[in-house]
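Positions are given from 1, in the same order as the sequence printed here. Fair warning: this is a prediction, and the values are worked out from it, not measured in the lab. Scope of the values below: all heavy atoms of this structure, side chains included, with no hydrogens, waters or symmetry mates.
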Amino acid sequence: MINDRLSTFSCCDERVNDRDTFSAWASGRWPFHESRGPLGALPVRRAYAIANWRGTELDHYAGLYPRDTATDILDFALFEAYTCSIQQSIIRDSEPDLDWFRPDDLATGVAGFVRYITDNDSIYAGFAIQRRIAAWQLPPEFAWLSELNINEGFLFESTSEAHICAATDEGFLTFMALNG
């Protein structure tokens with residue numbers, strides 16, 4: 001398995017047995033997200049605020065995407081990798097600025113995605129992600145995050161930023177607290 005922690009994911013299957021198989025899956029799936037374009041899936045709920053994060057004012061973004069955005073958490077993480085350059089604009093602005101969209105080519109995007117998943121120690125069950133969200137004491141605009149039924153996902157946090165990519169009963173969640 002490319003990352004033993006992935007065994008906790010409900011979608012853990014032959015895709016994650018080895019790096020070559022996973023890379024081949026991602027290379028085959030990337031064109032699907034590419035064909036829909038950066039606006040092919042938009043959040044059904046979103047929130048944006050500039051707020052304190054451990055003593056620093058950071059931009060906070062949250063978007064809940066429909067279930068049909070991706071097949072599972074790994075596919076949603078791939079969708080995030082494809083659309084990462086425009087995610088903030090999609091969540092912050094009622095009309096996203098397409099000038100922000102700078103997609104990686106297939107080889108670069110897939111290589112970065114595979115590296116992220118393979119080396120990621122931030123794989124968590126839903127209850128652990130929900131506990132972290134509660135502990136963060138987010139601004140009121142983000143209260144709806146505590147109402148989600150999070151199943152599983154990736155959570156990264158440091159003193160200067162945070163990121164969640166998660167599957168929920170309601171859809172797929174992306175959350176970022178970062179500078180800019």
K.L.:
Are Leu74 and Leu106 linked, directly or through intermediate hydrophobic residues, by side-chain heavy-atom contacts shorter than 4.5 Å (ILVMFWY only)?
P.N.:
yes

K.L.:
Side chain to side chain donor-acceptor pair (under 3.5 Å) with Ser146: which residues, sequence neighbours excluded?
P.N.:
none

K.L.:
For residues Leu155 and Ser122, report the shortest heavy-atom separation together with the two atoms involved.
P.N.:
O-CB, 2.6 Å

K.L.:
For Thr69, which residues count as a side chain to side chain donor-acceptor pair (under 3.5 Å) partner, sequence neighbours excluded?
P.N.:
none

K.L.:
Please answer: with hydrophobic residues joined when any side-chain heavy atoms are less than 4.5 Å apart, are Tyr82 and Phe32 in the same cluster?
P.N.:
no

K.L.:
Is Asn149 close to Thr168 at the side-chain level, that is, under 4.5 Å between some pair of heavy atoms?
P.N.:
no

K.L.:
Between Ser85 and Pro103, what is the shortest heavy-atom contact and its length?
P.N.:
OG-N, 4.2 Å

K.L.:
How long is the span from the CG atom in Leu42 to the OG1 atom in Thr83, to the nearest 0.5 Å?
P.N.:
10.0 Å

K.L.:
Does atom CG of Asp68 have more than 12 heavy-atom neighbours, drawn from other residues, nucleotides or ligands, at distances under 6.0 Å?
P.N.:
yes

K.L.:
What residues form a salt bridge (Lys or Arg N to Asp or Glu O under 4.0 Å) with Arg54, not counting sequence neighbours?
P.N.:
Glu157

K.L.:
Would Glu80 and His163 satisfy side chain to side chain contact (heavy atoms under 4.5 Å, CB included), going step by step from the backbone distance to the final call?
P.N.:
CA-CA 11 Å; Glu80 271 197 338; His163 176 242; 3.2 Å; yes

K.L.:
Taking side chain to side chain donor-acceptor pair (under 3.5 Å) as the definition, give me every residue that meets it alongside Asp93, ordered by chain and number, with sequence neighbours left out.
P.N.:
Ser89

K.L.:
Are any non-hydrogen side-chain atoms of Leu64 and Arg46 less than 4.5 angstrom apart?
P.N.:
no

K.L.:
Would you say Ile164 and Arg132 make side-chain contact, with heavy atoms under 4.5 Å?
P.N.:
no

K.L.:
Among all residues two or more places apart in sequence or in another chain, which pass the ring pair (Phe, Tyr, Trp, His ring centres under 6.0 Å) test with Trp25?
P.N.:
Phe22

K.L.:
Among residues two or more places apart or on two chains, list those pairs meeting side-chain hydrogen bond (donor to acceptor under 3.5 Å, both in side chains) that have a residue in residues 31-45.
P.N.:
His33-Asp75

K.L.:
Using ring pair (Phe, Tyr, Trp, His ring centres under 6.0 Å) as the criterion, list what pairs up with Phe76, not counting sequence neighbours.
P.N.:
Tyr65, Phe79, Phe172

K.L.:
Kindly compute the distance separating CZ (Arg92) from CG (Asp59), expressed to the nearest 0.5 Å.
P.N.:
7.0 Å

K.L.:
Using a 4.5 Å cut-off on heavy atoms from C-beta on, say whether the side chain of Leu58 contacts that of Leu178.
P.N.:
no

K.L.:
Once you measure the plane-to-plane angle for Phe175 and Trp53, does it fall in the parallel (<30°), tilted (30-60°) or perpendicular (>60°) bin?
P.N.:
tilted

K.L.:
Counting only heavy atoms from other residues, nucleotides and ligands, does the tally under 6.0 Å from CH2 of Trp100 exceed 12?
P.N.:
no

K.L.:
With sequence neighbours excluded, tell me which residues meet side chain to side chain contact (heavy atoms under 4.5 Å, CB included) with Ser158.
P.N.:
Phe156, Ser160, Glu161

K.L.:
Tell me, with the steps shown, if Leu148 and Ile133 meet side chain to side chain contact (heavy atoms under 4.5 Å, CB included).
P.N.:
CA-CA 11 Å; Leu148 297 175; Ile133 289 171; over 6 Å; no

K.L.:
Can you confirm whether more than 12 heavy atoms, excluding those of Glu57, are under 6.0 Å from its CD atom?
P.N.:
yes

K.L.:
Can you tell me how far the CG atom of Leu98 sits from the CD1 atom of Ile86, to the nearest 0.5 Å?
P.N.:
4.5 Å

K.L.:
Measuring only between side-chain heavy atoms, which start at C-beta, is Ile117 closer than 4.5 Å to Leu78?
P.N.:
no

K.L.:
How far does SG of Cys84 sit from CZ of Arg102, to the nearest 0.5 angstrom?
P.N.:
12.5 Å

K.L.:
Going by distance alone, is a donor N or O of one side chain under 3.5 Å from an acceptor N or O of the other, for Thr174 and Gln87?
P.N.:
no

K.L.:
Please say yes or no: joined through hydrophobic side-chain contacts below 4.5 Å, possibly via intermediate residues, are Ile150 and Trp136 part of one cluster?
P.N.:
yes

K.L.:
Which pairs with one or both residues in residues 168-178 pass salt bridge (Lys or Arg N to Asp or Glu O under 4.0 Å), sequence neighbours excluded?
P.N.:
none

K.L.:
Got a sec, which residues hit ring pair (Phe, Tyr, Trp, His ring centres under 6.0 Å) with Tyr61, two or more places apart in sequence or on another chain?
P.N.:
Tyr48

K.L.:
Which residues pass the side chain to side chain donor-acceptor pair (under 3.5 Å) test with Ser23, not counting sequence neighbours?
P.N.:
none

K.L.:
If Ile, Leu, Val, Met, Phe, Trp and Tyr residues are connected whenever their side-chain heavy atoms lie under 4.5 Å apart, and connections chain through other members, are Ile123 and Phe127 in the same group?
P.N.:
no

K.L.:
Run the side chain to side chain contact (heavy atoms under 4.5 Å, CB included) test on Ile73 and Asn151 for me, step by step, so that the C-alpha distance in whole Å, both residues' side-chain angles and the decisive distance to 0.1 Å come before the verdict.
P.N.:
CA-CA 9 Å; Ile73 185 61; Asn151 303 311; over 6 Å; no

K.L.:
Enumerate the residue pairs fulfilling salt bridge (Lys or Arg N to Asp or Glu O under 4.0 Å) with a member in residues 107-118, sequence neighbours excluded, ordered by first and then second residue.
P.N.:
none

